[in-house]
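Below you'll find the structure, written out as structure tokens, and then a few comments.
Excluded from the calculations below are hydrogen atoms, water molecules and symmetry mates; all remaining heavy atoms, backbone and side chain alike, are included. Convention: sequence-line order gives letters A, B, ...; per-chain numbering from 1.
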Amino acid sequence: MADAVEERHLKLTGEFDCDATPLATLRHSTSHVMAQAVKRLWPDVKVAIGPSIEDGFYYDFAKAEPFTPHDLEKIEGVMREIVKANTPFERSEMSRADAIAHFRERGETYKVEILEGIDAPTVSLYKQGDFIDLCRGPHAASTGAIKAFKLLSSSGAYWRGDEKNPMLWRIYGTAWLTKEDLDKYLWRLDEAKKRDHRKLGRELDLFDFHDVAPGAPFWLPNGMVIFRELERYWREVHDAQGYLETSTPILVNKKLWEESGHWEYYSDNMFKLEVEEQIFSLKPMNCPESTYIYRHALRSYRDLPLRVAEIGRLHRNERSGTLTGLFRVRQITMDDAHIYCRPDQAQDEISSVLALVREFYKLFNLEPTFKLATRPPDMLGTKEQWDNAENGLHEALKANGLAYELKPGDAAFYGPKIDIHIEDAIGRNWQIATVQLDLTMLPERFQLEYVDADGTRKRPVAIHRAIFGSFERFIGIITEHFAGAFPTWLAPVQARVIPISEKFIDYAREVHQRLRAARIRAELDDRNEKLGYRIRDAQVRKVPYMLVVGEREREAGTVSLRARTEDRGAQPLDRVVADLGAEITARAATLTVGRS
RNA sequence: GCCGGGGUAGCUCAGAGGCAGAGCAACUGAUUCGUAAUCAGUAGGUCGCGGGUUCAACUCCCGCCCCCGGCUCCA
């Protein structure tokens, strides 16, 4: 929603209004006030555009020197004065030609450029005090309406979002209807910082990055446990659903990419190397090779749907400036699958993929939302194919009882798709899973066929789908979602046994052995430290269960159970082992053992 | 890739043209402890990499690499 507003601004189609909702209007007005403050402090600065965006607003300025944090404070100060003065926002109209003259006179070349791109005869302007801006509005009645705002950061941004254009300085800010909303938002920012997977990854010894391999994590033993548990779950479910797991080469001859079309459209993103005078590439996608699995045998209509899955290691040469922890990597482990089926089977297949997606995310307490992207103008294939395909996706969504957003024109040229976004524990949105119906690309390019009941050769359709998207990004997301406090089944260390003193070490060892015999990832913390220290350490490491043992427990055959922060008292050892095992097997989302 | 900010011990960070620093972690010892940090000691460094200026460079200059915040792109 907010993206669309921003996009409209960037495209400069002449629609410079923000949404007429109170919050978007307020943010838009706040951006004007910020521009006014900047012009007051630096009269030579030229203003570009300043829309309302999700959670706030920005304004772009042309200025010789960047804004410093101190500058932001000064601007905020002037903004408060403007707000206090409670100046009205006044709308006026002007012919386009007059407006061009007006802004040219003031040296506002960016505004002139915007105006030159507008084909309306008249344009509207908004003025508060000594600041006037080209704008469709709407705006707050006066600057006094701005109660709760804060400037957040400044950075470079290209004029019109195009890297060939000059770089402007953008200041980001946030504004809310009430002080409470602002505080809530600032809390969320702070919370996000605390949950940052890069920080938790280091603290919990999950993974590491080194200069020698930018964009590719070194999985440490703890992180690898999570990776393996995800794979294990993934395999269990896919085996049960009739997927066939495969593995295809990582290093592949250029010929394949020429055949698939990647060489032409994607080679900038591919890592290439020469081997005995042949060009090879690390695969950036699994799809082309998946067709080799399909073509291994002559397929009959009886073989379809053929569900070919692969946890594939991909490499994409992402631009260096875009890499970010596990969220944006160059080495991607994708949980891919390609379903080859008859066109009339596609709807059911997509329907089961959607059901699968929901099953997966439920396990992690992630709330999915669905977006259906339909045909773009430059589509490949016939109108009838697209009608059937899009209709199938609508029906599959409906069959699952899912509400969804429509994104007309957003599909790839070879077929419509459903993108699945999730919302995490602190309300952030992520796109991970995708279901893409492929009417023509793989089937046509790779000449896929099956023999139908009547003995004729027909062309199947392909469904590309991923549920985790990439293991890297998914682990990054759930690390932040759970703030490192993973459900027991995913926790690298599921239980720690803590003897009160070395006098009880024998019993602690026995408890430890019992846990390990039950395949529970348990550690014995018999370090020469006080009990409080070891409790704190286990807590900081986000270990789900602590089993404290001393005199009383040894005598009674019990353990004192602590579930992260909560003391659950003495429990019989047998029961704790059994219940812990059951919680792990059930992949429970919460810590249930010993809860009364 | 572009703009801005960074890179000093495993981690968090201070310092700065003239002997490289702290806290935590690690290690050793004392202590044997009942639910978020016991005390003492020891060790730990190519100050991102390469070049230059200088009697002397972690510090100044140039180039490169990597990280962070954005832009662009994206799973």
No-hydrogen, no-angle side-chain donor-acceptor test under 3.5 Å, A:K283 and A:T248: yes
Side-chain H-bond candidate by donor/acceptor type, A:E583 with A:Y545, under 3.5 Å: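 The criterion, which ignores hydrogens and geometry beyond distance, is satisfied for A:Y545 and A:E583.
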Under 4.0 angstrom between A:K503 side-chain N/O and B:C33 OP1 or OP2: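 Yes, such a contact exists.
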The side chain of [X] lies closest to which of these nucleotides: [options]?
X      : options             : answer
A:R527 : B:C71, B:C2, B:A26  : B:A26
A:R473 : B:G69, B:A75, B:U35 : B:A75
A:T324 : B:C71, B:C74, B:G69 : B:G69
A:M334 : B:A75, B:U38, B:C33 : B:A75

Close side-chain approach of A:I477 and A:R428, heavy atoms under 4.5 Å: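 A:I477 does not reach A:R428 side chain to side chain.
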Pairing pattern in dot-bracket form [Watson-Crick, G-U; both distances under 3.5 Å; | = partner strand] for RNA chain B: (((((((..((((....[..)))).(((((.......))))).....(((((..]....))))))))))))....
Sequence-distant partners of A:E76, side-chain hydrogen bond (donor to acceptor under 3.5 Å, both in side chains), two or more places apart: A:R80
Pair A:W159-A:E113, side chain to side chain donor-acceptor pair (under 3.5 Å): steps then yes or no: CA-CA 11 Å; A:W159 166 234; A:E113 193 177 327; 3.2 Å; yes
Row check, A:Y58 ring normal vs A:R170 NZ/CZ: under 6.0 Å, within 45°: yes
Base B:C73 to side chain A:R328, donor-acceptor N/O within 3.5 Å cut-off: yes
